[in-house]
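For reference, positions follow the sequence shown, starting with 1.
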Amino acid sequence: MKRRHFLTGAAGAAAAASSVFSPLTIAKNKTFNLAMVTSWPTSLDTLFGTAQYIGRAIEAATDGDVTVEVFPAGEQVGGLEVFDSVASGAFALGHTASYYYIGQNPAHAFFTAMPFGLTGMQQNAWLQSGGGVDLWNELNARSNLIAFTAGNTGGQTGGWFNKEINSPADLKGLKMRFPGLGGQVMARAGVNIQNLPGGQVYFALDRGTIDAADWVSPYDDEILKLHEAAKYYYMPSWAEPGATLGLYANLDIYKDLPADIREIIQTVARAANERMFSEYMAKNGPALQRLIDGGAEVRTFPADVLQVLEKYTDEIQAEHAEQDKFYARVYEQWTGFRDSVRTWTNASEYRYLRYVNGDLA
């Protein structure tokens with residue numbers, strides 16, 4: 001499978017770039033060398049490993065006509081700088097979470113996870129088959145980007161805490177790492193929010209810079225040793241019931257690639273999305289048991305805490321919708337899909353899970 005004759009137009013102008021760190025390098029033999037930055041440290045083998053998988057799969061599918069160099073957070077850019085680095089054209093590709101960038105537009109939160117929103121399977125359905133990805137890329141186009149679903153963590157957790165949460169009052173004054181719209185909700189509940197990349201979470205929690213931290217789920221939390229820095233492990237993840245990660249591409253660079261390579265990138269991203277979802281599902285159960293055996297205390301948020309957080313979520317959603325017409329349009333479409341898909345999952349999966357857990361007579 002050779003495609004070297006596809007080199008045309010503006011892509012040819014990039015041929016002069018020779019550094020391995022160039023966003024798109026086209027060598028004399030017409031191969032494409034792409035650089036990908038990520039938001040993940042190398043230790044997180046499911047998150048950073050997914051970015052590496054994407055690179056390897058693109059190279060294999062193009063028979064070596066495309067090479068991809070993948071960089072962990074901090075090696076080229078900070079973990080929360082991926083979006084801007086790819087938007088500017090400094091790098092061709094990025095693997096990150098959309099909700100890290102709600103400071104640019106709060107609608108970015110929809111395309112990772114919304115508090116009290118969609119599960120992992122429902123999120124996949126909305127993005128891939130329910131119109132979500134079109135809205136996502138309408139927003140991304142404003143920043144000269146295009147993105148593809150390229151990972152889903154499934155259900156996450158409520159986070160690690162150094163104190164028990166027995167009422168909404170216990171949240172007030174806490175310093176916590178918490179991204180996305182969930183962080184805005186926690187802030188309204190009186191929490192002081194810190195947005196830190198994964199590689200910094202343990203040190204901040206261990207040194208007391210923060211009192212609590214939300215990361216992903218047992219497998220990653222064990223790798224980051226968060227159980228050594230906090231005692232109480234709260235469930236469920238009201239804020240991230242199924243978080244999507246994205247493969248971002250600079251839109252100009254992406255358009256200059258041959259059509260078949262563009263199609264390969266999309267296909268590989270979707271495969272990565274399914275792969276990550278399956279890996280977390282397989283790894284989290286054993287990891288949770290190891291954490292419990294090691295002394296972690298798994299707790300459930302009291303109902304009144306969740307009710308307060310849901311109330312604040314509704315308030316913030318309404319405020320963003322009133323302030324931004326695009327947000328309002330996404331919220332309306334997303335809400336319609338959420339209600340529709342729950343009609344089915346509540347009748348099927350929810351009742352099944354109630355039965356197997358002994359909650360259905």
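Scanning all heavy atoms of the two residues, the minimum distance from Y233 to D221 falls at OH-OD2, 2.7 Å.
Between W238 and F178, the ring center distance clears the sub-6.0 Å criterion. In this structure, F111 has its ring center closer than 6.0 angstrom to the ring center of W126. Note: F110 and Y327 meet the aromatic proximity criterion, with ring centroids under 6.0 Å apart. Checked against the 6.0 Å centroid criterion, the rings of F148 and Y254 qualify as a close aromatic pair. The distance between the ring centers of Y100 and F83 does not fall below 6.0 angstrom.
Ring geometry for Y101 against H108 counts as perpendicular: the plane angle is over 60°, on a 0 to 90° scale with 30° as the lower cut. Using cut-offs of 30° and 60° for the angle between ring planes, the Y234 and F301 rings count as parallel.
For the pair T62 (side chain) and E59 (backbone), a donor-acceptor distance under 3.5 Å is present. Between the D324 side chain and the H320 main chain, no donor and acceptor come within less than 3.5 Å of each other. Judged by distance alone, the side chain of R177 and the main-chain N or O of L196 form a donor-acceptor pair under 3.5 Å. Under a 3.5 Å cut-off, the side chain of S340 and the backbone N or O of G336 do not form any donor-acceptor pair. Side chain of S143 to main chain of L145: no donor-acceptor pair is present (N/O by atom type, distance under 3.5 Å, no hydrogens or angles). Between the side chain of Q333 and the main chain of G130, a donor-acceptor pair closer than 3.5 Å is present.
A heavy-atom distance below 4.5 Å is not found between the side chains of T119 and T345.
Salt bridge annotation for E279-R275: present, with a cationic side-chain nitrogen under 4.0 angstrom from a carboxylate oxygen. Salt-bridge formation is not detected for the pair R354/E349: no Lys NZ or Arg NE/NH1/NH2 atom is positioned less than 4.0 Å from an Asp or Glu carboxylate oxygen.
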